[in-house]
Amino acid sequence: MTIAVRDLNVELDGRPVLKGVSLEVPGGSWTAVIGPNGAGKSTLLRAILGLRPGRGEVEVAGTDLRTLKPRQRARVVAYAPQIPHLPVGMTVFDYTLLGRSPYIPHLGRESAHDRAVASEVLERLDLTALAGRPLDHLSGGERQRVVLARALAQQTSVLLLDEPTTALDIGHQQQVMELIDQLRLADELTVVTTIHDLTLAGQYADRLVLLSEGQVATAGPPSEVLTATVIAEHFDARVRVSPGPGGRPVLSLERP
């Protein structure tokens with residue numbers, strides 16, 4: 001499903017956070033939103049989802065998500081926040097099953113199909129052995145996979161992931177990014193992530209959107225966005241950009 005954002009403006013407490021943001025995300029692609037702290041990256045995801053009011057147009061497959069009720073939106077787009085609420089004592093299976101909430105009638109119970117979907121997702125993410133384990137007994141990498149499992153259980157065509165590698169070591173970062181990419185290709189998902197690690201963004205995303213001071217500073221393929229000049233201007237950092245696997249850019253800091 002294609003995502004189209006046109007002239008999006010969002011204010012928080014009377015302060016402009018997003019100013020005239022426009023972007024297109026082709027169906028089946030992976031777009032990474034990058035930018036310095038406070039640029040509005042998380043706000044953009046929440047505005048696309050309809051959780052943050054704003055002026056402008058936000059459409060997924062031609063439908064304005066803000067016109068849909070929350071349960072309807074949750075059948076179109078799945079969202080994994082940067083800091084998800086993980087109820088203490090809840091098991092991995094029950095947390096994954098929460099992803100089926102949009103399909104369960106009010107005051108109703110999950111069906112055998114809902115439980116089967118949750119079980120299948122856990123198997124795909126290699127979490128079956130942890131299904132009965134409480135969430136507070138998981139490692140960081142396991143928690144990230146469980147948060148992704150809940151999102152996948154919604155069976156949407158669009159995934160919005162806010163900093164999916166936060167607080168993970170380099171090995172788990174790679175595992176999570178590889179998993180997202182595999183699922184995207186297998187299920188033809190449209191993926192939008194925010195991410196701080198510019199090299200990770202450049203290695204996995206098809207397209208980067210650089211936000212700076214609430215506006216789109218530049219957008220395009222990683223090799224066009226991740227240049228030493230762009231990084232110096234918007235991140236105030238000196239870097240060396242080298243070609244990595246497949247010609248994708250790899251960044252390294254340059255010491256004075």
Side-chain angles (χ1 to χ4, degrees), residues 1-12 17-35 39-82 84 99 102 147-148 150-165 176-177 179-196 200-212 214-222 224-225:
M1 291 188 177
T2 300
I3 301 173
V5 178
R6 303 182 188 92
D7 196 26
L8 179 63
N9 296 270
V10 175
E11 294 184 355
L12 295 179
V17 177
L18 298 179
K19 295 172 280 188
V21 170
S22 296
L23 59 94
E24 295 276 345
V25 181
S29 68
W30 183 343
T31 292
V33 181
I34 61 173
K41 300 185 296 296
S42 296
T43 298
L44 174 59
L45 290 196
R46 293 175 63 82
I48 292 174
L49 191 64
L51 296 178
R52 187 72 69 188
R55 302 184 308 277
E57 299 180 20
V58 179
E59 294 183 347
V60 175
T63 299
D64 188 339
L65 293 183
R66 294 168 296 182
T67 66
L68 303 179
K69 295 180 179 179
R71 286 169 60 86
Q72 293 174 313
R73 282 202 305 264
R75 296 183 184 188
V76 178
V77 177
Y79 169 64
Q82 183 176 347
V147 170
L148 185 56
R150 173 178 171 169
L152 290 175
Q154 290 178 226
Q155 292 188 313
T156 66
S157 296
V158 177
L159 284 180
L160 304 181
L161 308 175
D162 195 1
E163 295 290 347
T165 60
V176 168
M177 296 294 276
L179 180 58
I180 293 170
D181 201 34
Q182 292 167 8
L183 294 168
R184 174 181 71 92
L185 296 173
D187 296 354
E188 299 182 343
L189 302 176
T190 303
V191 176
V192 181
T193 57
T194 62
I195 190 164
H196 273 92
L200 271 182
Q203 291 300 303
Y204 288 93
D206 301 313
R207 180 177 174 85
L208 303 183
V209 174
L210 171 59
L211 286 186
S212 183
Q215 298 177 301
V216 176
T218 185
E224 295 181 7
V225 175

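Quick note: residue numbers are just sequence positions, from 1. On a predicted model such as this, the values are computed, not experimentally measured, just so you know.
At most 12 non-hydrogen atoms from other residues, nucleotides or ligands lie less than 6.0 angstrom from CD of E188.
With a 4.5 Å cut-off on side-chain heavy atoms, E24 and R6 count as touching. Using a 4.5 Å heavy-atom cutoff, the side chains of I48 and V58 are in contact. Between L148 and L161, the closest side-chain pair of non-hydrogen atoms falls below 4.5 Å. Contact of the R207 side chain with the S29 side chain is not registered, since no non-hydrogen atoms from C-beta on lie closer than 4.5 Å. Contact of the D64 side chain with the E57 side chain is not registered, since no non-hydrogen atoms from C-beta on lie closer than 4.5 Å. Using a 4.5 Å heavy-atom threshold, the side chains of L12 and R52 count as touching. Using a 4.5 Å heavy-atom cutoff, the side chains of V21 and V216 are in contact.
Between A32 and I195, the closest heavy-atom pair is CB-CG2, 4.2 Å. Between A47 and V10, the shortest heavy-atom distance links the atoms CB-CG2, 4.1 Å. Contact detail for M177 and L200: the closest heavy-atom pair is CE-O, 3.9 Å. Considering all non-hydrogen atoms of both residues, T190 and P26 come closest at CG2-O, 3.7 Å.
Annotation: the span from L44 atom CG to R46 atom CZ amounts to 12.0 Å, rounded to 0.5 Å. The CG atom of L45 lies 10.0 Å from the CG atom of L51; values are rounded to the nearest 0.5 Å. A distance of 9.0 Å separates CG of D187 from CG of L159, quoted to the nearest 0.5 Å. Interatomic distance, CZ of R73 versus CZ of R66, reported as 10.0 Å (0.5 Å rounding). To the nearest 0.5 Å, atoms CD (Q72) and CG (L65) are separated by 10.5 Å. Rounding to the nearest 0.5 Å gives a distance of 12.0 Å between CD of Q82 and OG1 of T193.
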Between V192 and L160, is the side chain to side chain contact (heavy atoms under 4.5 Å, CB included) condition met? List the steps. CA-CA 5 Å; V192 181; L160 304 181; 3.7 Å; yes

Which is it for T156 and V77 under the side chain to side chain contact (heavy atoms under 4.5 Å, CB included) test, yes or no, and what are the steps along the way? CA-CA 6 Å; T156 66; V77 177; 5.6 Å; no

Pair D162, T194 - check side chain to side chain donor-acceptor pair (under 3.5 Å), show working. CA-CA 5 Å; D162 195 1; T194 62; 2.4 Å; yes

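In terms of modelled atom types and a separation under 3.5 Å, the side chain of K41 and the main chain of L211 share no donor-acceptor contact.
Partners of E11 under the side chain to side chain donor-acceptor pair (under 3.5 Å) rule, at least two apart in sequence or in another chain, do not exist in this structure. Among residues two or more places apart in sequence or in another chain, the salt bridge (Lys or Arg N to Asp or Glu O under 4.0 Å) test is passed with D206 by R184. With sequence neighbours left out, E163 forms a side chain to side chain donor-acceptor pair (under 3.5 Å) with H196.
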